[in-house]
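Okay, so here's the structure we're looking at.
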Amino acid sequence: ESIKGGPSSPAHFHSHPRGDRIAPPDDRGERTSSRIHHRRRFPRHLNKARGKGLLPRKVLRIEPRPTSTGAASMGGYFTSDRAAKYGWGVPRLALVTLFAFEIVPRAFLAGSPRTAIDALTSTPAPFTAAAAAAPFAPLTFLPYVASLRWTAHAYTGSIGAGVNVQVLGLWGNLAIMAVAGGLCLWDLTKDVSLVVYFLKTFCGDQLAGKLDTAEWKLVLAFTFALPTALWYGAGTNEAALAVFQPYLRILPILFVVQAICEFGDAHLEYHPLVGKFFRHRYGFEAFTMCVLTLMPSGITTHELRVVQFDLVICLAYRVANLAIILHKQNFFTNVLAGVAINVRKQCFRVFGLLSGQRIVNVTDAEVATAVMRASDVKGDALERHVATPAWRPLLSLESVDHDLYRDMLADFHKVVKACPPPSRVGEIARAKVDELMYAVYSEDADVAGRDSPPPSPDRPVVNVTVAPHASKDGDASECPFMQMKQTATGGSSSSTTSAASVIDADAIARLSLSVFIEYLFKRDWEPRFDVLLAASWEWRKEIAVRGRANPGVKKAAVELVVDDLIKNSHLWELFGEKWREPRYYSLIMQPFLVSPAINVGDIAVAMKRYPDLALEPAMRRMHPFPIFERYVDQDVVVKGKVAVRAKTQVIMFTSDFSGSKHLWPAFGSGPRACAGTSMALGVLNAIHGKMLGRPGFEPERGHKFSGRNNDGVTSFAEVWYFAKTVLPVVAGFGGEKTTEAAALERAAAAALE
């Protein structure tokens, strides 16, 4: 069998062009689209401005979406048939190899049985210097292991798989092959068995037409250079002939076996009668067994050594191929994930024992959906003890429970009723996206930014100083409590658009905030609204348990919303002075401003990661909510069986459902499903339909503190904050002490002081 046994590179993953429109928010979008890509029209409101001479003509330059190669199914080199070939081929070849080391020396060696027994009994004890130096010690397995020659053979075979699939590229391949060459030269100090192996293998491969890359042609040259060098090194023809004399019978036999096997694999792999015999390498094993057992007068020790080395090298090649295929199929990742899930479940059992309740970690998407439909109570777990304090001075509809949740939900619906129809959010979002894209892709923006330095990947830096006295009255911009100085290197903050060359995490968060500010208050974005952007990053940092948020920034954001945006809008009439209380201003800040600024950014990163998926399937792969929690007071029954017992606190990690065949609702299910789904879809559809696939759409740039799709950088301080916040809760002696509504409202109000 050849270590050059497959195509030179894996098949390119297939992708499909994306259409302009996206699938509706249902479960039918888990597939790529091959619709015709239509030409985009110039935005209507910008077209009118251009017609009036306010905008230059021919300034909008929107490139066609590039074809994505991100997601792909197994295909080409990494087929399921190839997985079966190596999955079954490894144990088969391992048995043949064991037969060659332990049975053949005892039963099939040339000469009398007495000679074979003498050769075995005279072999030194394994794992000793004498065993490593003995001329025929490698004939059985343990002395072979002690000789360490297997390291050269196993390495030579294993790199063949990597070279075939171009894991490291040309120069990387040459480097690992150079190491293999050095090991082979070391092995030649023992005997020339490896030279015979190279000659039969690569001459057979060349005859079958399988040496089709520069790397393997170099190996072929190396193969012929070795015996030539050894021949000249011997000094005389007689001495050289004596070196190779013991192998003159086995070399042509193994060459014929190699040529037949490789020719069959290359040209007869789909033959109805012998295709699988050659494709799955049954032929190699069958012919090798014949060589081991049917040689006239028996196989000699020199010949046996060549076959043994051939088997070890080929076994390493098969193992390496199987490892690559399993890696491509995420086998190792899934195994580690399964171990992590089991460990996590046991941790929650301990958490439940310490807190005096039954806690179950549900990992099945269908059961999780049933749990969410069965309860509107978040319960006594991480949501209450970690998220609720992090949201202060807000009371989050996502976290509160019982009467406080029901009262706030009723007031939330009053706010929604007083606002324009939810479809208006989508209209505003599309217009804002057009404005942002115009600024990014217009020639004017290119000219303006041509001589300026590239934008920083970090979000704008907000320096906050706390004055000694805080005024509770007046406009937030004049509040002496906050003196804010903003330096934005990534573009202007004076509007929803910027002349930057990328649409990064800040741009996405500002876009979300500007959409809802116009929807709620009919106000355009102003520079002083950037405090809301800064506050959204502070909230997400503390909610993700990455650090304590700056209370001054939070307070400045609350005062801006209450004393300016709400007070100067029609919404003030709903609750009047009550808007200054946490449970009322939270109705605006959490569901309309802060949560969308956080979650839209997370989902935009998911869109970028999975560009060939529709919106909801992409959300399922990287959901903005890492955890769902419910407390069920009745049995949850799925398919006629009790899946979760009554009186149970249920924890559900959305990452466990990302690969589930059950299409669980991305916006939640049951009484605690997202109340603003239709409005959220307006913003998300605009981003998905207009931005995704464009050059410069980089929502992952500067995206931090989300707890799921962040920049991957975690400092020691963040790890320490997470540990000291979560571990006391898990141990049962930390967290919130009450769920009483009045106490929660007092705690939220105190956070402003």
Side-chain angles (χ1 to χ4, degrees), residues 341 343-364 367-409 542-545 582-583 586 590 595 625-636 642-656 668-674 707 721-748 750-751:
I341 288 173
V343 171
R344 187 208 307 151
K345 286 187 175 183
Q346 298 307 316
C347 289
F348 277 113
R349 289 181 185 273
V350 175
F351 179 21
L353 291 174
L354 294 174
S355 60
Q357 59 180 329
R358 181 168 54 249
I359 299 181
V360 172
N361 177 206
V362 169
T363 58
D364 182 88
V367 175
T369 303
V371 168
M372 288 188 284
R373 290 172 178 167
S375 174
D376 67 347
V377 179
K378 291 296 184 81
D380 183 22
L382 299 176
E383 187 87 41
R384 171 188 168 191
H385 296 289
V386 178
T388 297
W391 273 108
R392 289 173 183 149
L394 303 185
L395 292 169
S396 171
L397 274 170
E398 298 172 358
S399 304
V400 297
D401 262 334
H402 306 302
D403 291 340
L404 181 58
Y405 168 72
R406 284 185 280 273
D407 292 342
M408 289 185 66
L409 185 63
E542 190 165 358
I543 294 167
V545 202
R583 59 162 290 182
S586 296
Q590 184 268 312
S595 282
F625 282 19
I627 302 176
F628 289 143
E629 295 181 3
R630 295 292 188 275
Y631 177 81
V632 293
D633 55 7
Q634 296 182 349
D635 291 345
V636 177
V642 176
V644 179
R645 293 162 55 192
K647 311 298 182 184
T648 299
Q649 176 68 51
V650 181
I651 310 289
M652 299 159 281
F653 288 80
T654 54
S655 58
D656 294 339
S669 183
R672 294 298 289 259
C674 177
Y721 179 82
F722 181 91
K724 72 178 185 179
T725 303
V726 174
L727 290 182
V729 173
V730 174
F733 56 82
E736 294 289 281
K737 304 302 181 184
T738 180
T739 59
E740 197 264 329
L744 292 176
E745 292 186 62
R746 287 194 299 270

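Computed from heavy atoms alone, side chains included, the values below leave out hydrogens, waters and symmetry copies.
Taking CZ of R384 as the reference point, atom CD of Q649 lies at 10.0 Å (rounded to 0.5 Å). Within the model, atoms CZ of F653 and CG of N361 stand 6.0 Å from one another, a figure rounded to the nearest 0.5 Å. One finds the OG atom of S595 at 3.5 Å from the CH2 atom of W391 (value rounded to the nearest 0.5 Å). Between atom NE2 of residue H385 and atom CG of residue D380 there is a gap of 3.5 Å, rounded to the nearest 0.5 Å. To the nearest 0.5 Å, atom CZ of residue R630 and atom CG of residue D376 are 8.5 Å apart. Atoms OG1 and CD1, on T388 and I543 in that order, are 10.0 Å from each other to the nearest 0.5 Å.
Here Y405 pairs with L397, V400, L409, R672 under the side chain to side chain contact (heavy atoms under 4.5 Å, CB included) rule; sequence neighbours left out. Annotation: side chain to side chain contact (heavy atoms under 4.5 Å, CB included) contacts of A646 (sequence neighbours excluded): D635. Residues that satisfy the side chain to side chain contact (heavy atoms under 4.5 Å, CB included) test with V367, not counting sequence neighbours, are V362, D364, V371, V638, A643, V644. When the salt bridge (charged side-chain N to carboxylate O under 4.0 Å, His left out) test is applied to E383, the partners found at least two apart in sequence or on another chain are K378. In terms of the salt bridge (charged side-chain N to carboxylate O under 4.0 Å, His left out) criterion, residue partners of R344 (sequence neighbours excluded) are, by chain and number, D656. Judged as a side chain to side chain contact (heavy atoms under 4.5 Å, CB included), and not counting sequence neighbours, the contacts of S355 are F351, Q357, I359.
The minimum heavy-atom distance between P728 and A723, with the atom names listed, is CD-O, 3.6 Å. Closest non-hydrogen pair, V377 versus D401, comes out as CA-OD1, 3.4 Å. Among all heavy-atom pairs drawn from P582 and A748, the shortest one is CB-CB, 3.7 Å.
Residue-environment remark: CD (Q634) stays at or below the threshold of 12 foreign heavy atoms within 6.0 Å. Around atom CZ of F722, no more than 12 heavy atoms belonging to other residues, nucleotides or ligands sit under 6.0 Å away. Within a 6.0 Å radius of CZ in R406, more than 12 heavy atoms belonging to other residues, nucleotides or ligands are found.
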Verdict with supporting geometry, Y721 and E542, side chain to side chain contact (heavy atoms under 4.5 Å, CB included): CA-CA 10 Å; Y721 179 82; E542 190 165 358; 3.8 Å; yes
Please test M372 against V636 for side chain to side chain contact (heavy atoms under 4.5 Å, CB included), starting from the C-alpha separation and ending with a verdict. CA-CA 10 Å; M372 288 188 284; V636 177; over 6 Å; no
Give the intermediate values and the outcome of side chain to side chain contact (heavy atoms under 4.5 Å, CB included) for residues V650 and E629. CA-CA 6 Å; V650 181; E629 295 181 3; over 6 Å; no
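Side-chain atoms of S669 never come within 3.5 Å of backbone atoms of R373 as a donor-acceptor pair (strictly under, hydrogens ignored).
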